[in-house]
Amino acid sequence: MNIYVGNLSYQLSSEELREAFEQFGEVSSANVVMDKLTGRSKGFGFVEMPDRASGEEAIKQLDGAPLKGRNVRVNEARPRENQGGFPPRRAPRRA
DNA sequence: CCTGAGCGG
């Protein structure tokens, strides 16, 4: 399950996010989105969990929870249209 | 620059 985690501290790292979600279930991979220009955090990240139930549980618990002194915004991530997909063309599949 | 929107490669 792909989980979007936003509104996090710039001081937070991916492994800290990993541990935060591992409290509620198994985490396959955690990834805080870093800026390619500055090299620092963009303020949001993504956590991937193999179990859907643990993902929902982690969301219910970590959504709005104070992480690094900041309340994080946790929700299920959007299914990206080109995840290793063939068409490099951006197709507006947004309602 | 010590920041502040929110969905990455």
Side-chain angles (χ1 to χ4, degrees):
Chain A
M1 170 182 199
N2 290 48
I3 303 175
Y4 164 78
V5 190
N7 198 67
L8 12 109
S9 308
Y10 292 158
Q11 265 66 349
L12 192 93
S13 56
S14 304
E15 48 187 293
E16 290 177 288
L17 230 172
R18 166 94 179 226
E19 295 176 32
F21 275 79
E22 280 181 334
Q23 293 171 110
F24 303 96
E26 180 183 347
V27 177
S28 358
S29 61
N31 168 249
V32 174
V33 181
M34 294 292 182
D35 188 84
K36 286 171 283 296
L37 300 176
T38 64
R40 290 178 189 177
S41 177
K42 276 188 180 178
F44 61 92
F46 288 92
V47 180
E48 194 171 325
M49 302 184 72
D51 187 31
R52 178 59 179 261
S54 301
E56 294 287 341
E57 182 69 17
I59 289 177
K60 288 187 302 183
Q61 301 301 329
L62 294 178
D63 180 42
L67 197 56
K68 281 299 175 186
R70 214 93 167 184
N71 282 61
V72 294
R73 234 20 44 135
V74 188
N75 266 114
E76 181 174 356
R78 303 181 181 165
R80 279 189 292 153
E81 296 150 25
N82 55 343
Q83 191 175 20
F86 167 68
R89 194 65 52 177
R90 189 61 58 92
R93 289 301 160 203
R94 222 47 60 128

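Quick note on labels: first sequence line is chain A, next is B, and so on, each numbered from 1. For the numbers below, each heavy atom of this structure counts, side chains included, while hydrogens, waters and symmetry mates do not. What you see is a predicted model; the values in this text were computed from it and never measured.
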Worksheet, complete the sentence: Regarding dG4(B), purine or pyrimidine glycosidic angle vs 90° from 0 gives anti
Worksheet item: Ignoring hydrogens and geometry, is there a side-chain-to-backbone donor-acceptor pair from Asn75(A) to Tyr4(A) under 3.5 Å?
Response: no
Discussion item. Quick check on contacts: within residues 22-33 of chain A, what sits under 4.0 Å from DNA chain B by heavy-atom distance?
Written reply: Asn31(A), Val33(A)
Worksheet item: To the nearest angstrom, how far is Leu67(A) atom CG from dG6(B) atom C1'?
Response: 16 Å
Worksheet entry | Between dG6(B) (C1') and Asp63(A) (CG): distance, integer Å | 13 Å
Worksheet item: Charged N to carboxylate O under 4.0 angstrom, Arg18(A) versus Glu15(A)?
Response: no
Worksheet item: Is there a donor on the side chain of Tyr4(A) or the base of dG8(B) sitting less than 3.5 Å from an acceptor on the other?
Response: no
Discussion item. Heavy-atom nearest nucleotide on DNA chain B for Phe44(A) versus Arg70(A): which residue maps closer to 5'?
Written reply: Arg70(A)
Discussion item. Less than 3.5 Å apart, any donor N or O on the side chain of Glu16(A) or Ser13(A) sitting next to an acceptor on the other?
Written reply: yes
Worksheet item: Between Gly43(A) and Glu76(A), who's closer to the 5' end of DNA chain B by nearest nucleotide?
Response: Gly43(A)
Practice prompt. For Arg40(A) and dT3(B), give me the distance from atom CZ to atom C1', rounded to whole Å.
Written response: 10 Å
Worksheet entry | Donor-acceptor pair present, Asn2(A) side chain and dG8(B) base, under 3.5 Å | yes
Fill in: Interatomic distance, Asp35(A) CG vs dA5(B) C1' [rounded to whole Å]
13 Å
Discussion item. Is it the case that the side chains of Gln61(A) and Glu57(A) hold a donor-acceptor pair, with the cut-off being a distance below 3.5 Å and no angle test?
Written reply: yes
Worksheet item: Quick one: are Phe46(A) and Val5(A) in side-chain contact, heavy atoms under 4.5 Å?
Response: no
Item to complete: May I have the distance from Ile59(A) (atom CD1) to dC7(B) (atom C1'), rounded to whole angstrom?
Response: 13 Å
Worksheet item: Between dG8(B), dC7(B), dT3(B), which nucleotide has the shortest distance from any of its atoms to the side chain of Arg78(A)?
Response: dC7(B)
Discussion item. Given dG6(B), dT3(B), dG9(B), identify the nucleotide with an atom nearest to the side chain of Lys42(A).
Written reply: dG9(B)
Worksheet item: Please walk me through it: do Glu56(A) and Arg52(A) pass salt bridge (charged side-chain N to carboxylate O under 4.0 Å, His left out)?
Response: CA-CA 6 Å; Glu56(A) 294 287 341; Arg52(A) 178 59 179 261; 3.1 Å; yes
Fill in: Phe46(A) aromatic ring stacked with six-membered ring of dG8(B), 5.5 Å and 30°
yes
Fill in: Whole angstrom value for the distance that separates P of dG4(B) from CG of Leu8(A)
16 Å
Worksheet item: Atom CG of Leu62(A) to atom C1' of dG6(B): distance rounded to whole Å?
Response: 17 Å
Worksheet item: How is Ser9(A) classified with respect to the nucleic acid when contacts are heavy atoms under 4.0 Å: base, sugar-phosphate, or nothing?
Response: base
Worksheet item: Can any side-chain N or O of Ser28(A) pair as donor or acceptor with the backbone N or O of Glu48(A) at less than 3.5 Å?
Response: yes
Fill in: Leu12(A) CG to dT3(B) C1', straight-line distance once rounded to whole Å
16 Å
